[in-house]
Amino acid sequence: ILAFTSVLVGTCAGAGTISTTLPETAAGRIGAMVIAHINADSPQAIRQWAPTILAPSLDGAMRETFISQLALAVRDSGGVDLVDARTQGPPGMLVVTIKGRKSGRLAALVLMPDPQQPEKLAMVDLVAIDDPTLFAGWPKAGASEAETVQLVRTALDKMVRNNDFSGCVTLSDGARTFLDECRGLADRRFAIPVDRQTKFHIGSIGKSFTAVGIAQLVESGKLRWDTTLAEAVPEYPDQAAARKITVWQLLHHTSGLGDFLVPELYATREKFVELTDYLELIARQPKVGEPGGEWNYSNAGYLLLGRIIENVSGESYFDYIQRHVFAPAGMTSSGFDRVDDVVPRLAVGYFREGPFSQEWKADWLKVPYRASPAGGGYSNNADLVRFAAALRAGKLVGPETLAKMFENPVPAGPGGYAAGFGERLAHGRHIRGHSGGIEGTDANFTIVWETGATVALTSNQGPGQSWLFAERIADLLAGQGKQP
């Protein structure tokens, strides 16, 4: 839901009508009730009321998250006012922007009524969003290098003023870095500033490393794209499902598997250290689709890809990626840590507890105990730029394998999802990369594939929408040299 909501509110994907009043629809009526209860209820009262508008089919984790966010909105907002409402996404969905009276912060209320029970919600979310005027005045077409630098610096300064941004942004034209700037604090307790050597957790960007590892094993003949999970991981508990799931489906989030970041994991997270520790947990989770079906983002699928790398290569996943991805790419500041590891120059992650909260909290209790093939490792912008360059130059996999990885991406968001990379078009050029977001992390790297221009963004605050900043910059770089 987080990834889907971020795409909706950040890109206006599938946007229809926009109004400053709520429509006379099922979603509009529910939206009006939510705003009224935020403005009138106590946190306890809204917790009691909220379940009355939620369909029984709503995912349990989504249900509890939404109820908690409502209670925090009551606590922190000082009341809210409607900004606008837009029909967006699947039919029947409404995205309502509301503004907190105390702080002026904005939040998106995403409402999707149940077709069988229109007075109840089958999907719902409430998340903080950035100021929509952040990119006001940015050209629709490309911008020159000098213009891009000025636009990025101005936006960075505005992000610091409006949202206390902390992190780094690096731009490369494919041959040289022409902007490399940082803002904010790596550790708020001791007021240690972020600099170019600061390492950040990068969330799901690690999925791209996992995908490259798999592609290398296919290229060497040790694995096939259509190898089944049952063949590659015979110890997986649900062999009936594993016989239907292929490596290609795991890479593209079409395996039908869901998540492993569930309450059970966080309740005993120190027990999940090796990849084999996750297998029983993953096998017990509800399926979200059929193998080979629609795109459903799956952390579980990428955890299993990591186990495939271990079984096929004979190395631990973490050693394999260090030796076969990081080393040949020259990535000397990247790795995988545990919560209690002391990693030099690694920024402390921070998050805000609710959509209208102004206070930062450290992320130690909100993340898994150890990084995994699904994400959670660390890097810095220089290393992410090196990874992009090594990938395009064929230092990690050959041209035929690389072309196969981007063949027939599965429709997802404003573009598609290839083998471990998002892909979309801007100004007729391919934008490829991956973002990452969880408490304490907001990151993205994007490559304008035809030119090699690269954007790397890392932040020790999240989840949020800073990753979309990298996408907007990539649009500018993709337009360079194009006729208007």
Side-chain angles (χ1 to χ4, degrees), residues 1-4 6 61 200-215 229 232-233 236 245 247-266 269 271-289 295-311 316-322 325-326 334-339 349 363 366-379 387 410 412 417-422 433-445 462-463 467:
I1 182 67
L2 173 61
F4 184 62
S6 294
F200 297 87
H201 284 119
I202 56 172
S204 287
I205 287 177
K207 288 182 173 68
S208 295
F209 308 150
T210 301
V212 168
I214 288 288
L229 178 59
V233 188
Y236 185 66
I245 296 171
V247 166
W248 189 255
Q249 291 164 358
L250 291 170
L251 286 167
H252 288 78
H253 299 292
T254 59
S255 68
L257 299 176
D259 210 346
F260 62 85
L261 299 177
V262 295
E264 182 180 347
L265 178 135
Y266 289 105
R269 60 179 180 162
K271 295 182 179 179
F272 296 91
V273 179
E274 304 302 331
L275 303 193
T276 51
D277 298 333
Y278 294 84
L279 299 184
E280 289 278 356
L281 177 68
I282 291 172
R284 288 197 303 272
Q285 301 311 306
K287 306 295 190 295
V288 297
W295 184 83
N296 281 289
Y297 195 80
S298 175
N299 285 311
Y302 269 77
L303 192 290
L304 294 173
L305 287 169
R307 182 57 183 163
I308 291 173
I309 288 173
E310 292 187 332
N311 283 351
S316 81
Y317 167 81
F318 306 103
D319 289 344
Y320 183 93
I321 297 299
Q322 284 283 0
V325 178
F326 294 166
S334 302
F336 305 94
D337 63 322
R338 307 182 189 198
V339 169
D363 69 349
K366 295 289 186 177
V367 294
Y369 177 68
R370 188 183 192 183
S372 80
Y378 62 84
S379 189
F387 174 71
V410 177
Y417 196 92
F421 294 81
H434 213 295
S435 62
I438 194 172
E439 280 78 2
T441 296
D442 199 350
N444 198 358
F445 84 99
W467 67 274

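Once rounded to the nearest 0.5 Å, the distance linking CD of E310 with CG of L275 reads 4.0 Å. For the atom pair CD of E280 and CD of E264, the computed distance is 10.0 Å after rounding to the nearest 0.5 Å. Here CG of N299 is found 8.0 Å from CD1 of I438. Values are rounded to the nearest 0.5 Å. The CG atom of L251 lies 6.0 Å from the CD1 atom of I214; values are rounded to the nearest 0.5 Å.
The aromatic rings of W295 and Y417 are tilted relative to each other, their planes meeting at an angle between 30° and 60°. Using cut-offs of 30° and 60° on the angle between ring planes, the pair F209 and F387 is perpendicular.
Closest non-hydrogen pair, Y278 versus E274, comes out as CD1-O, 3.4 Å. For the pair A371 and G377, the tightest heavy-atom approach, listed with the atom from each and the gap, is CB-N, 3.6 Å. Of all heavy-atom pairs between S298 and G258, the closest is OG-O, 3.0 Å. Summarising the geometry of L304 relative to V233, their closest heavy-atom pair is O-CG2, 4.5 Å, with the distance given to 0.1 Å. Smallest separation of non-hydrogen atoms from I309 and T210: CD1-O, 3.7 Å. Heavy-atom minimum distance, L303 versus S372: CD2-CB, 3.8 Å.
A side-chain hydrogen bond (donor to acceptor under 3.5 Å, both in side chains) with H201 is found for one member of T441, D363, D337 and no other, namely D337.
Panel note: side chain D442, backbone W467; a donor-acceptor pair is recorded below 3.5 Å. With hydrogens and angles ignored, the 3.5 Å screen pairs a side-chain donor or acceptor of R269 with a backbone N or O of V367. Of the possible polar contacts, none joining the Y369 side chain to the L265 backbone as a donor-acceptor pair under 3.5 Å is found. A donor-acceptor contact shorter than 3.5 Å is absent between the side chain of N311 and the backbone of I308.
Cation-pi check for R370 over F318 is met; the charged atom lies under 6.0 angstrom from the ring centroid and within 45 degrees of its normal.
Contact of the V262 side chain with the L281 side chain is registered, since non-hydrogen atoms from C-beta on lie closer than 4.5 Å. The closest side-chain heavy-atom distance from S379 to I205 is not below 4.5 Å. Side chains of F445 and S435 form no contact here, defined as non-hydrogen atoms less than 4.5 Å apart. Annotation: side chain of K207 is not in contact with side chain of L305 (no heavy-atom distance under 4.5 Å).
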**Report entry** Chi angles and distances behind the side chain to side chain contact (heavy atoms under 4.5 Å, CB included) call for D259, V288
**Finding:** CA-CA 9 Å; D259 210 346; V288 297; over 6 Å; no
Report task. Report the C-alpha separation of I202 and H434 in whole Å, then their side-chain angles, then the decisive distance to 0.1 Å, and conclude whether the side chain to side chain contact (heavy atoms under 4.5 Å, CB included) test is met. Result -> CA-CA 10 Å; I202 56 172; H434 213 295; over 6 Å; no
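The distance between the ring centers of Y317 and F336 falls below 6.0 angstrom.
Partners of K366 under the side-chain contact (heavy atoms from CB on, under 4.5 Å) rule, at least two apart in sequence or in another chain, are F351, E439.
Listed by first and then second residue, the salt bridge (charged side-chain N to carboxylate O under 4.0 Å, His left out) pairs involving residues 249-258 amount to none (not counting sequence neighbours).
For the residue pair Y297 and S204, a side-chain donor N or O sits within less than 3.5 Å of a side-chain acceptor on the partner.
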